[in-house]
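Before any comments, here is the structure.
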Amino acid sequence: MKRKALISVAVLISATVSAQEVTDAFRYSKTDIVGTARYMSMAGAYGALGGDITTLSNNPAGIGIYRSSEVVTTLSIGGVNTSSSLPANRFKIEGTNYNNSKFNIACNNLGYVGTFKTGKRNGLVNFNVGFSFNRLGGEKRNYKVTQDYMQGSLSRYIAAKASAWGGNSNTLVASNGSNYDPYYETNAPWLAIMAYNTGIIDGTGNNYQGLYANDADVFNAGDLKVEESSRIDEYSFNVGGNISNMVYWGLGIGVEDLNYTTRTYYDDVYFTNNNSETLTQMQLDNYLNTTATGINVKGGLIIRPINSWRLGVAVHTPTWYQLSDRYNAQMTAINPQSYANYETMLSPDEVFDYRLRTPWKFQFSTALIFKKYGLLSLEYEIVDYSQMTFNDNDGFEGNFSGVNGDISSLMTTMNTLKIGSEIRLIPPVIFRLGYAYQSSGYGKDVRDNSVQMYTAGTLPNYNVNLSTNYFTGGLGYRINDFFMDMAFVYKMNKQDAYLFPKLFEGNTLNSIPSELKTDSYNFLVTLGYKF
């Protein structure tokens, strides 16, 4: 009866336990450069060109360029290699290089564009409609981050969280009465509950201590393994048209489908300075699955002042997401002298629903057409990630006011520059090259590790995006109404990987980042038919 009476309290506490943070908002808001082989071989620099199914999710005005109907699909096959390393650092923390590879196969898009000619040479020349499935981002990767002789530790981070909470340790004990459940009947961090019941932390009030907190001769080694899978798909309905062969317009509604899953396995091993004795070992395993559905609106224009020059502009509204998290965790303390003697604690399997509004996106592009010899295209995209906002299911900030404030102060504008070229040397074969660069999206204080970062729920680790480079190339083949494009895309992404935050409520935990590099390569083939 007591449990039922506290249902409303449990909902509130659940919100604080699973409260999302800055890195979560960025992960679900950021899209990638993904599309047809033609679009990708030019690094996505297609905003002023149009006539490609990917533009329905990029610059909807591209649908106005079509002069005939078309069906198209794209297959992507490739792999991803993720490596972690620890650079020289003043704390003399030792790190090891690790590499892990993953194979991916996906359908990037599938779509149809229908063209309806008015028979006019001026005014509305044609009116077009389009339906498409486009993948906007996602990949599968596994990676490992290891640091030896660390001066901070996960248990000390959890102790800092427990001290900031400040409650009596008696309320953390899971066996405190047959019907007592600290997960739902306190507002304590779930990490603190698990750590106290397994002996990973000790103390009470605002004075909790981690393992060997006062022993300068004890060091620890952290080992984090991550399995990660993500995707963002969009289903678009677009309309557009051609006005006097000079102005092309488009408007689209997109419905997005997001799925993110991560499994993390963290080991912390404590040992004496001379490595003569291994002490307590702790393990923390986490599972998180996030699903979401969202909706957005896009509009765009392409203007052709002269035959050889085009200008493009597009505006994307925020995507309004309805998200659902499913998560659980397990913590274990192991005595290495007798592995049969250990303590373990499981969290409940929990579900948490909330909303996210992503930022506005603005794109500006231009292209030069060199008659039948080729073209050169440029595109600039700007997204202000400090404008992301979490809300509860009723649309109010509520428990998210703190994290929304962090988003506003810690995030910044991401700039994306795309350059693409097309050369027609041996008709009907077309050669293409492209390059794109994306900046971080995180503010300088975050990138410098000089500001406090919060983590969500029972996940202590997080990554900070630094930059992404794309190197692309490909070729196309046209014969009658059939076309085939091929592309190769090499993507290089750099992140800083943290085992736990460096700063927490006045505590300095000496957490330093490992360099995480994710290099992916993809071969794409697009098949299409015009009619």
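Residues take their numbers from the sequence shown, with the count starting at 1.
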List the atom of Asn197, the atom of Ala174, and the distance in Å for their closest heavy-atom pair. OD1-N, 3.0 Å
The reported gap from OG1 in Thr389 to CG in Asn404 (rounded to nearest 0.5 angstrom) is 5.0 Å
Do side-chain atoms of Asp233 reach the backbone of Asp257 as a donor and acceptor pair under 3.5 angstrom? no
Between Tyr521 and Tyr490, is a ring-ring contact (aromatic ring centres under 6.0 Å, His included) present by the stated rule, with each step listed? CA-CA 5 Å; Tyr521 60 91; Tyr490 186 68; 7.7 Å; no
If you measure only the distance, is there a donor-acceptor pair under 3.5 Å linking the side chains of Thr458 and Asn286? yes
Closer than 3.5 angstrom, by distance alone: can the side chain of Ser163 be matched with the main-chain N or O of Tyr208 as a donor-acceptor pair? yes
Assign the ring pair Trp190 / Tyr183 to parallel, tilted or perpendicular, where the plane angle (0 to 90°) is split at 30° and 60°. perpendicular
Over 60° means perpendicular and under 30° means parallel, so classify the ring planes of Tyr39 and Tyr46, tilted if in between. tilted
Is any NZ, NE, NH1 or NH2 atom of the basic residue among Arg355 and Asp392 found under 4.0 Å from an Asp or Glu carboxylate oxygen of the other? no
Do you know which two heavy atoms are closest between Asp24 and Ala456, and how far apart they sit? OD2-CB, 3.5 Å
Please report the C-alpha distance between Phe219 and Tyr212 in whole Å, then the side-chain angles of each, then the deciding distance to 0.1 Å, and finally whether the ring-ring contact (aromatic ring centres under 6.0 Å, His included) criterion is met. CA-CA 9 Å; Phe219 291 81; Tyr212 313 106; over 10 Å; no
State, yes or no, whether a side-chain contact exists between Tyr321 and Thr358 at a heavy-atom distance under 4.5 Å. yes
Contact between Thr264 and Lys225 at the side-chain level, heavy atoms closer than 4.5 Å - yes or no? no
Test of understanding: with ring-ring contact (aromatic ring centres under 6.0 Å, His included), list the residues that count as partners of Phe500, not counting sequence neighbours. none
Taking Gln283 for its side chain and Met331 for its backbone only, find out whether a donor-acceptor pair lies under 3.5 Å. no
Mind checking the CD1-OG1 spacing from Ile334 to Thr280? Nearest 0.5 Å is all I need. 10.0 Å
Donor-acceptor under 3.5 Å (Asp32 side chain, Gly137 main chain): no
Cut-off 3.5 Å, side chains only: do Tyr143 and Asn463 have a donor facing an acceptor? yes
Report yes if the side chains of Lys418 and Leu378 come closer than 4.5 Å at any heavy-atom pair, otherwise no. no
Value for CD (Gln209) from CD1 (Ile158), rounded to nearest 0.5 Å, stands at 13.5 Å
Plane angle bin for Phe504 and Tyr454 - parallel if under 30°, tilted between 30 and 60°, otherwise perpendicular: perpendicular
Report yes if the distance between the aromatic ring centroids of Phe364 and Phe362 is under 6.0 Å, otherwise no. no
Got a second to check how far Thr319's OG1 is from Asn296's CG, nearest 0.5 Å? 4.0 Å
Rounded distance [0.5 Å steps], CD1 in Ile33 versus CD in Gln438: 5.0 Å
Heavy atoms from other residues, nucleotides or ligands near CZ of Phe396 exceed 12 (cutoff 6.0 Å): no
Minimum heavy-atom distance between Ile53 and Ser132, given as atom pair plus value: CG1-CB, 3.9 Å
Run the salt-bridge test on Arg263 and Glu227 with the 4.0 Å N-O cut-off and return the result as yes or no. no
Test side-chain hydrogen bond (donor to acceptor under 3.5 Å, both in side chains) on Glu234 and Ser57 and set out the steps. CA-CA 8 Å; Glu234 183 175 74; Ser57 292; 2.5 Å; yes
Main-chain N/O of Gly166 paired with Asn206 side-chain donor or acceptor, under 3.5 Å: no
Is the shortest heavy-atom distance from the side chain of Thr332 to the side chain of Gln330 under 4.5 Å? yes
Check whether any side-chain heavy atom of Glu515 lies under 4.5 Å from a side-chain heavy atom of Ser84, and answer yes or no. no
Tell me, with the steps shown, if Asp519 and Lys491 meet salt bridge (charged side-chain N to carboxylate O under 4.0 Å, His left out). CA-CA 6 Å; Asp519 297 340; Lys491 172 186 170 185; over 6 Å; no
Between Glu21 and Arg27 (salt bridge meaning N to carboxylate O under 4.0 Å), is one present in this structure? no
Within 45° of the axis and under 6.0 Å from the centre of the six-membered ring of Tyr260, does NZ or CZ of Arg231 qualify? no
Taking the side chain as everything from C-beta on, heavy atoms only, tell me whether Tyr385 gets closer than 4.5 Å to Ser29. yes
By the definition side-chain hydrogen bond (donor to acceptor under 3.5 Å, both in side chains), identify the one residue from Asn399, Thr290, Asp325 that meets it with Gln20. Asp325
Judged by atom type as modelled, is there a donor-acceptor pair below 3.5 Å linking the side chain of Ser386 to the main-chain atoms of Ile407? no
Does any N or O in the side chain of Ser439 come within less than 3.5 Å of the main-chain N or O of Asn415, such that one atom is a donor and the other an acceptor? yes
CG on Leu211 to CG on Asp215, rounded to 0.5 Å: 11.5 Å
Of all the heavy-atom pairs spanning Thr472 and Ala43, show the shortest one and how long it is. OG1-N, 3.3 Å
Is the distance between the ring centroids of Phe26 and Tyr442 under 6.0 Å? yes
Quick one: does any side-chain atom of Tyr157 pair with a main-chain N or O of Gly152 as donor and acceptor, under 3.5 Å? no
When you measure from the side chain of Asp268 to the backbone of Leu154, do you find a donor-acceptor pair of N or O atoms at a distance under 3.5 Å? yes
Would you confirm whether the ring centroid of Tyr287 sits within less than 6.0 angstrom of the ring centroid of Tyr327? no
Ring centres of Tyr435 and Tyr470 under 6.0 Å apart? no
Heavy-atom check, side chain of Gln147 versus side chain of Leu499, under 4.5 Å: yes
Test Thr54 against Asp52 for side-chain hydrogen bond (donor to acceptor under 3.5 Å, both in side chains), laying out the working first. CA-CA 5 Å; Thr54 309; Asp52 186 275; 3.0 Å; yes
Please report the shortest heavy-atom distance between Leu323 and Ala292, naming the atom on each side. CG-CB, 3.6 Å
Going through the checks in order, is the side-chain hydrogen bond (donor to acceptor under 3.5 Å, both in side chains) test met by Asn328 and Ser347? CA-CA 6 Å; Asn328 57 54; Ser347 79; 5.5 Å; no
Taking C-beta and beyond as the side chain, do Thr186 and Ile193 meet within less than 4.5 Å on heavy atoms? yes
Intermediate values then yes/no, side-chain hydrogen bond (donor to acceptor under 3.5 Å, both in side chains), Asn465 and Asn493: CA-CA 8 Å; Asn465 188 62; Asn493 174 249; 2.9 Å; yes
If every non-hydrogen atom of Asp384 is compared with every non-hydrogen atom of Pro359, which pair is closest and at what distance? O-CB, 3.2 Å
Give a yes or no on this: more than 12 heavy atoms of other residues, nucleotides or ligands lie within 6.0 Å of atom CG of Leu75. yes
